[in-house]
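Just so we're on the same page: letters track the sequence lines, and every chain starts at 1.
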Number of protein chains: 2
Amino acid sequence: MVRSLLRPGSDTTGSQKEHLEDPLFTRSIGRALDVLSAFHKSEQPLSLSEIAQSAQIDRSAAQRIVHTLRRLGYIRRDEHGRGFLPDIRILDHTLDYLRLNPLVRRATPVLLELRRNVRERVDLSLFDDLRVVYAARMQSKRETFHATLVGHSVPTYCSSGGRAILSQLESSEVDDIIDRSDRTPLTPRTLTEPATIRDKVAEARDKGYALTLEEILIGEIAIGVALPGPDGKPAGAIHLAGSLSDWKPEDFVTRFAPLISEAAMDITR
Amino acid sequence: MVRSLLRPGSDTTGSQKEHLEDPLFTRSIGRALDVLSAFHKSEQPLSLSEIAQSAQIDRSAAQRIVHTLRRLGYIRRDEHGRGFLPDIRILDHTLDYLRLNPLVRRATPVLLELRRNVRERVDLSLFDDLRVVYAARMQSKRETFHATLVGHSVPTYCSSGGRAILSQLESSEVDDIIDRSDRTPLTPRTLTEPATIRDKVAEARDKGYALTLEEILIGEIAIGVALPGPDGKPAGAIHLAGSLSDWKPEDFVTRFAPLISEAAMDITR
DNA sequence: GCAAGCGTATCGTTCAGCGATACAGAAAAA
DNA sequence: TTTTTCTGTATCGCTGAACGATACGCTTGC
């Protein structure tokens with residue numbers, strides 16, 4: 001299966017060669033966004049040389065591109081002296097994406113309503129091939145730093161929302177996604193065997209929701225339901241996550257499965 | 001006062017001429033980001049011609065740039081046929097910005113802790129000249145769609161966080177910001193007179209926090225405290241917002257002023 | 001029916017981006 | 001200390017990549 005759009009992680013080597021063939025492709029733009037994407041792999045401010053290396057361009061190009069992105073407000077210097085960081089204009093585009101995304105628009109009010117009746121964490125995630133990206137997060141009492149950030153993503157194959165999404169796809173697509181996924185376990189309880197995952201997906205198809213136990217985070221239980229896009233294919237999912245120290249799995253399901261299914265119905269209309 | 005970085009809204013006419021002088025400025029990048037910024041002013045999918053018009057380029061350029069951004073995953077077609085929308089790769093950069101922003105890193109755990117002890121909305125906003133941009137939001141029970149989105153911004157001069165930030169600036173800078181702000185009132189109670197605003201800012205400087213009553217949203221009371229960056233100048237603010245149907249202003253202040261001040265101290269270390 | 005919009009494709013000209021080169025300042029190594 | 005090696009910044013001639021005019025097939029609306 002050929003994917004038409006590049007995804008993070010997949011573009012490190014392939015991009016240049018792919019674009020050589022494309023007469024409409026504007027290389028400067030690709031390079032500029034490669035520069036911005038250099039930060040994906042970093043936990044610290046990046047120097048010009050590091051950016052150049054990461055974006056596979058020379059220092060001169062990095063200099064000019066960084067200069068430009070800086071003037072435009074997408075990159076700034078780190079206050080403590082050395083290196084560069086992404087700057088705030090990024091968030092303007094974030095807002096555009098979220099505001100204009102039809103699923104986010106429809107789901108947010110329902111999720112807020114759901115959150116009113118529930119003390120656990122409620123999330124909306126968007127389907128993006130091998131991963132599922134958090135677009136809206138409504139925290140519970142107990143959260144970590146990472147769990148609060150928009151843009152965070154988890155693998156499709158082992159998350160509750162992802163499994164729910166898989167359950168609405170053709171089995172060939174499911175196999176394809178499982179196959180292409182990097183299935184290094186995130187916790188000791190992450191299911192990585194294709195056959196086991198397929199079973200769980202089938203179970204989700206039967207029940208209408210997917211349940212995961214500590215597959216991404218120790219101590220976490222999560223239930224997810226897929227949301228269809230206009231073509232009928234799943235475009236995202238909503239999920240509800242709680243702590244195993246508060247809930248027996250059965251109780252979690254009997255309490256929340258109806259609520260989250262109803263919320264999904266409301267969103268689908 | 002000259003601003004070195006462009007800000008949204010300020011770049012519609014000035015950008016081209018400004019950049020003509022700059023030999024290091026890579027125009028293609030500017031054009032590409034102008035295309036992405038076309039969505040700032042839109043509530044719907046945009047056609048190529050609309051994008052061209054908004055970015056002040058011809059249809060051919062818009063075509064090539066949109067094509068490129070599409071291949072890279074930053075723009076997609078609307079599912080219902082016509083027009084284009086921002087695509088999900090935007091969120092990867094959102095995550096980079098938030099993860100790497102030192103203030104967000106330091107503030108988030110404290111805000112989560114604060115949110116545990118408080119039933120009202122808690123926010124972190126970042127100072128960006130005339131506006132203040134929401135970077136992290138922790139909802140209360142009662143929220144609207146807009147109030148949940150990262151990237152949303154409010155004017156500095158009339159928001160609680162913005163006033164708190166102003167109270168930490170030189171009075172010449174305060175005057176400059178008030179002067180350059182578009183002060184069309186957002187509600188009947190928005191304060192727009194420079195003298196009145198300066199008074200409120202002085203009051204915030206005295207008390208250590210800023211209080212606003214229905215200046216942005218009817219029925220809302222908000223209290224804000226500034227957060228200093230490494231150079232001592234304010235880089236953002238935290239705020240706490242409640243409903244006037246739940247709180248008398250005096251009670252709101254006596255209850256939350258100590259909590260939010262302490263949280264700000266914790267963040268500042 | 002024609003008109004006007006959409007998104008897409010092609011191609012020769014030219015000017016904008018490339019990348020080699022140089023420089024000042026601050027760390028890090030000697 | 002001096003030397004080296006990083007920073008980030010600035011300059012400039014060459015050339016190939018982006019420009020923009022032009023054309024096309026489709027759908028939508030009059």
Side-chain angles (χ1 to χ4, degrees), chain A residues 4-5 15-36 38-39 42 44-72 74-87, chain B residues 4-5 15-36 38-39 42 44-72 74-87:
Chain A
S4 58
L5 295 177
S15 58
Q16 290 106 332
K17 287 184 184 175
E18 251 183 70
H19 301 327
L20 278 180
E21 314 282 319
D22 185 345
L24 265 79
F25 191 85
T26 302
R27 282 148 235 246
S28 328
I29 299 175
R31 277 187 283 263
L33 293 170
D34 283 349
V35 163
L36 272 184
F39 294 100
S42 172
Q44 277 124 21
L46 292 177
S47 74
L48 267 185
S49 313
E50 291 172 311
I51 289 172
Q53 190 187 358
S54 184
Q56 312 210 55
I57 53 182
D58 64 27
R59 255 173 51 98
S60 280
Q63 177 200 177
R64 260 174 292 116
I65 295 169
V66 166
H67 173 87
T68 303
L69 290 172
R70 203 136 75 99
R71 286 200 66 78
L72 295 171
Y74 293 90
I75 283 184
R76 66 160 195 235
R77 301 210 51 172
D78 180 44
E79 298 94 332
H80 296 290
R82 60 162 60 353
F84 298 92
L85 288 174
D87 203 358
Chain B
S4 58
L5 297 176
S15 59
Q16 291 105 330
K17 288 184 183 175
E18 251 183 69
H19 301 327
L20 277 180
E21 313 283 319
D22 185 346
L24 265 79
F25 190 85
T26 302
R27 282 147 238 247
S28 326
I29 299 175
R31 277 187 284 263
L33 294 171
D34 283 349
V35 163
L36 272 184
F39 294 101
S42 172
Q44 277 125 21
L46 292 177
S47 74
L48 268 184
S49 312
E50 290 171 313
I51 290 172
Q53 190 187 358
S54 184
Q56 312 211 55
I57 53 182
D58 63 28
R59 252 173 53 98
S60 281
Q63 177 200 177
R64 261 175 293 115
I65 295 170
V66 166
H67 172 87
T68 303
L69 291 172
R70 205 136 74 100
R71 286 199 66 78
L72 296 172
Y74 293 89
I75 283 184
R76 66 160 196 236
R77 299 210 53 170
D78 180 43
E79 299 95 332
H80 296 291
R82 60 158 64 353
F84 298 91
L85 289 174
D87 202 357

Problem set entry | side-chain contact (heavy atoms from CB on, under 4.5 Å) partners for B:S28, two or more places apart | A:S28, B:T26, B:R31
Seminar exercise, completed: Sequence neighbours excluded, the answer for side-chain contact (heavy atoms from CB on, under 4.5 Å) partners of A:E79 is A:R76, B:P102, B:P230
Exercise. Is the shortest heavy-atom distance from the side chain of B:R59 to the side chain of B:Q63 under 4.5 Å?
Worked result: no
Problem set entry | Residue pair A:V66 / A:I51, side-chain heavy-atom distance below 4.5 Å | yes
Exercise. Looking at residues at least two apart in the chain, or sitting in another chain, which of them share a ring-ring contact (aromatic ring centres under 6.0 Å, His included) with B:Y74?
Worked result: B:H93
Problem set entry | With sequence neighbours excluded, residues passing side chain to side chain donor-acceptor pair (under 3.5 Å) with B:E50 | B:S47
Seminar exercise, completed: Heavy-atom closest pair (B:F39 atom, B:F84 atom, distance to 0.1 Å) is CE2-O, 3.2 Å
Just the table, please: protein N/O against nucleotides 14-16 of chain C N/O, every pair under 3.5 Å.
none

For nucleotides 20-23 of chain C, tabulate all protein N/O to nucleotide N/O atom pairs closer than 3.5 Å, reporting atom names and distance.
{"from": "C:dA20", "atom 1": "N7", "to": "A:S60", "atom 2": "OG", "distance (Å)": "3.2"}
{"from": "C:dA20", "atom 1": "N6", "to": "A:S60", "atom 2": "OG", "distance (Å)": "3.3"}

For the atom pair [atom1] ([X]) and [atom2] ([Y]), what is the distance rounded to the nearest 0.5 Å?
X: B:L72; Y: B:H67; atom1: CG; atom2: NE2; value: 9.0 Å
X: A:Q53; Y: A:D58; atom1: CD; atom2: CG; value: 13.0 Å
X: A:I29; Y: B:R71; atom1: CD1; atom2: CZ; value: 13.0 Å
X: B:I75; Y: B:R70; atom1: CD1; atom2: CZ; value: 9.0 Å

Exercise. Which dot-bracket string describes DNA chain D (Watson-Crick N1-N3 plus N6-O4 or O6-N4, or G-U N1-O2 and O6-N3, all under 3.5 Å; [ ] crossing; | other strand)?
Worked result: ..|||||||||||||||||||||||||||.
Send over the distance from [X] [atom1] to [N] [atom2], rounded to a whole Å.
X: B:Q53; N: C:dG5; atom1: CD; atom2: P; result: 12 Å
X: B:L46; N: C:dG5; atom1: CG; atom2: P; result: 17 Å
X: B:I51; N: C:dG5; atom1: CD1; atom2: P; result: 17 Å
X: B:R71; N: C:dT8; atom1: CZ; atom2: P; result: 12 Å
X: B:E79; N: C:dG7; atom1: CD; atom2: P; result: 15 Å
X: B:F25; N: C:dC18; atom1: CZ; atom2: P; result: 13 Å

Exercise. A:L48 or A:I29: which one's nearest nucleotide on DNA chain D is closer to the 5' end?
Worked result: A:L48
For this session: Mind running side-chain contact (heavy atoms from CB on, under 4.5 Å) on B:I57 and B:D34 for me, showing each step along the way?
Result: CA-CA 9 Å; B:I57 53 182; B:D34 283 349; over 6 Å; no
Seminar exercise, completed: The single option from B:I65, B:L48, B:L46 that satisfies side-chain contact (heavy atoms from CB on, under 4.5 Å) with B:V35 is B:I65
Exercise. Is any side-chain N or O of A:R64 under 3.5 Å from a base N or O of C:dG19, one able to act as donor and the other as acceptor?
Worked result: yes
Problem set entry | Contact boundaries on DNA chain D for chain A, cut-off under 4.0 Å to non-hydrogen atoms | D:dT7 to D:dA18
